[in-house]
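These numbers come from a predicted model, not from an experiment. Counting convention: from 1, in listed order, for ligands and their atoms alike.
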Amino acid sequence: MQNFKYLTRKERKEILVSLGEKSFREKQVFEWICKGASSFDEMTNLSSSLKERLNASYSFDSIKVEKVQVSKDGTRKYLLRLTDDNFVEAVFMKYEYGNSLCISTQVGCNMGCVFCASTIGGKVRNLSSFEMLDEYIMVSKDANEPISHVVLMGMGEPFDNYEEVKGFINLIHDEDGINLSLRNITVSSCGIIPKIAEFAKDFPQVGLAISLHRSNQAARESLMPIAKKYKLDELIKACKDYSQETKNRITFEYALIDGENDRKEDAQELKKLLSGMMCHVNLIPLNKVIESGLEGSPRQKAKSFCEELTRLGISSTVRRSLGPDIDAACGQLRKNSTC
Ligand code: SAH
C-alpha cells in the first residue's frame, strides 16, 4: 500500500478529487499531517466514508520515536525509526532565541570525514523530503514544544541529496502547514561546490554553513576526503560568490582538534583565507568519537584561539556544545545508537 502521508500535495489532491472530494480537502489533510495525526481516523473533518475509502487503499505510516535521551542541558536526542526500519537521529536543542531541531538528511553518510561518527559504514540511503518533514513533525509532537529553527546538520550531507532537501525546505515553509520562515533554516555542507551556486539561486534567504575545519588544502584533505575533489581555493571562491549573490553572512564550522588546528599559526592562516569575507567562524572543540583517535582542544585553548581570531578581525565564537553527555553533539550521531 502507498503511504498517503509521503505523497506530494499535488498527488494527494489528485487522489482526493478522483474520490469525489473538493480540492480544499487536501489542505485539511495536510494540516492534520503537520499536526502529527497518526491515522485517517483522527482527521475529524473528513467524512467517515472518505476515511473508510482511504483506509482501504492507503497506509498512513510515520517515523516512530524509538528512543529519547535527555541531557542535563535540556537537549533531547531522538533515535527515529523510519518506515523501512532504518534509523536516523535528530537533536532538539534549547537556545535563548527559541528551540532548534537538527535533522538528518541521509541514513549514514558517504563523505568520510575522519572525525565524524555519522560516516562510519557509509551511506545506506537518502531520506525523502517527506521523511525530513516527518522528523520535524514527530519530534515536535513528542517534545510538545514549538520549534522555531531547523538546521540540516544531522546525519548526512544535504548537498549529496539536494533534490530532496529542496523539497523539504519548500514543504516546511508551506504556509498551509508548518510555515517555517526560510530565515530560520540553515543548511550545513562539507563543501560540494557546484551545489553552492544552485542553493544561492534557489533559497537566498536560507542560511548556509560550511564545514571548513582546516585552513590549507593539504591539511583539509587529510581530514575530509571530499576536499580532494573540491579544492579549498575553489570552495572559498564559491563562498564569496554566494555571499555576493545572497548578501548572507556564511558560517564556517571549525572543530578544534588538540594540537592539530588550534595553534596561533592556524588562526593566522585562517585569517588570510577568510579576510574580506562576510562570514562568522563557529568554533567547537571536537567532540569525542572513539574511532577517530582525535581529541578536542581544551576549553582554554579554544578560548585563546577565538581571541586570536577576533584580534585579527575575524568574527568568531566558541559554540556551546549541547548534549555531549548523551552523544548528541556535532559529529556524534550514528545510524545505530547501540554501537
Ligand atoms: N555533512 C554536513 C552536515 C552534517 S555534520 C557537513 O559536513 O556540514 C554537522 C557538523 O558537525 C559539521 O560541521 C561537521 O563537520 C561537524 N562535526 C562532525 N564531527 C564532529 C565532531 N566529532 N566534533 C565536532 N564537530 C563535528
Novice: Do any N/O atoms on E253 end up under 3.5 angstrom from N/O atoms on ligand 1?
Specialist: no
Novice: Answer yes or no on whether R9 is positioned over the face of F30, meaning its NZ or CZ is under 6.0 Å from the six-membered ring centre and within 45° of the axis.
Specialist: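 Judged by the rule, R9 and F30 form a cation-pi pair.
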Novice: With sequence neighbours left out, write down each residue that passes salt bridge (Lys or Arg N to Asp or Glu O under 4.0 Å) with E131, or none if nothing qualifies.
Specialist: R125
Novice: Among residues at least two apart in sequence or on other chains, which ones pass side-chain hydrogen bond (donor to acceptor under 3.5 Å, both in side chains) with E31?
Specialist: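 Once residues adjacent in sequence are excluded, E31 has no partner under the side-chain hydrogen bond (donor to acceptor under 3.5 Å, both in side chains) criterion.
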Novice: With a cutoff of 4.0 Å, is G154 in contact with ligand 1, counting heavy atoms of the residue only?
Specialist: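 The answer is yes, since G154 has a heavy atom less than 4.0 Å from ligand 1.
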Novice: Between E308 and K271 (salt bridge meaning N to carboxylate O under 4.0 Å), is one present in this structure?
Specialist: no
Novice: Compute the minimum heavy-atom distance from G156 to ligand 1 and say whether it is under 4.0 Å.
Specialist: yes
Novice: Consider ligand 1: state whether an atom of it lies below 4.0 angstrom from any non-hydrogen atom of K288.
Specialist: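 No; K288 lies far enough from ligand 1 that no heavy-atom distance drops under 4.0 Å.
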Novice: Is there a continuous path of hydrophobic side-chain contacts, each under 4.5 Å between heavy atoms, that joins L212 to V318?
Specialist: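 Shared cluster, yes.
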Novice: Answer yes or no: does an N/O atom from A255 fall short of 3.5 Å to an N/O atom of ligand 1?
Specialist: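 No, there is no polar N/O contact under 3.5 Å.
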Novice: Does some side-chain heavy atom of H213 sit less than 4.5 Å from a side-chain heavy atom of E253?
Specialist: yes
Novice: Which bit of E157 is near ligand 1, meaning a heavy atom under 4.0 Å away: side chain, backbone, both or neither?
Specialist: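 Both parts.
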Novice: Numbering the atoms of ligand 1 from 1, which are under 4.0 Å from a heavy atom of S188?
Specialist: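 Under 4.0 Å from S188, ligand 1 has these atoms: 2 (C), 3 (C), 6 (C), 8 (O).
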Novice: Evaluate the side-chain proximity of M111 to I192: yes if any heavy-atom separation is below 4.5 Å, no if none is.
Specialist: yes
Novice: For ligand 1, which atoms sit closer than 4.0 Å to a heavy atom of H213?
Specialist: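 Every atom of ligand 1 under 4.0 Å from some heavy atom of H213: 13 (O), 14 (C), 15 (O).
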Novice: Show which atoms of ligand 1 fall inside a sub-4.0 Å distance from at least one heavy-atom site of C116.
Specialist: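 Result: 18 (C), 19 (N).
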Novice: Need the ligand 1 atom indices (1-based, order shown) with element for anything under 4.0 Å from a heavy-atom of S189.
Specialist: 6 (C), 7 (O), 8 (O)
Novice: Which of the atoms in ligand 1, numbered in the order shown and given with their element, are less than 4.0 Å from a heavy-atom of C190?
Specialist: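 Matching atoms, with element in brackets: 6 (C), 7 (O), 8 (O).
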Novice: Checking side chain to side chain contact (heavy atoms under 4.5 Å, CB included) against L50, which of V29, L19, N55 comes through?
Specialist: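 Of all the options given, the one that passes is L19.
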Novice: Any atoms of ligand 1 less than 4.0 Å from a non-hydrogen atom of S211? List them with their elements.
Specialist: 6 (C), 7 (O), 8 (O), 12 (C), 13 (O), 14 (C), 15 (O)
Novice: Assess the pair Y58 and F40: is the distance between their ring centroids shorter than 6.0 Å?
Specialist: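 When the ring centroids of Y58 and F40 are compared, they turn out to be at least 6.0 Å apart.
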Novice: Quick one: does L286 get an N or O within less than 3.5 Å of an N or O on ligand 1?
Specialist: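 It does not: no N or O of L286 is found under 3.5 Å from an N or O of ligand 1.
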Novice: Just which atoms of ligand 1 are under 4.0 Å from any heavy atom in M153?
Specialist: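 Every atom of ligand 1 under 4.0 Å from some heavy atom of M153: 4 (C), 5 (S), 9 (C).
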Novice: Assess C113 for proximity to ligand 1: is some non-hydrogen atom of it under 4.0 Å away?
Specialist: no
Novice: Considering only NZ, NE, NH1 and NH2 on the basic side and carboxylate oxygens on the acidic side, decide whether K10 and E14 come within less than 4.0 Å.
Specialist: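 Here K10 pairs with E14 in a salt bridge, since their nearest N and O are under 4.0 Å apart.
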Novice: One residue to check: S118. Relative to ligand 1, which of side chain, backbone, both or neither has a non-hydrogen atom less than 4.0 Å away?
Specialist: neither
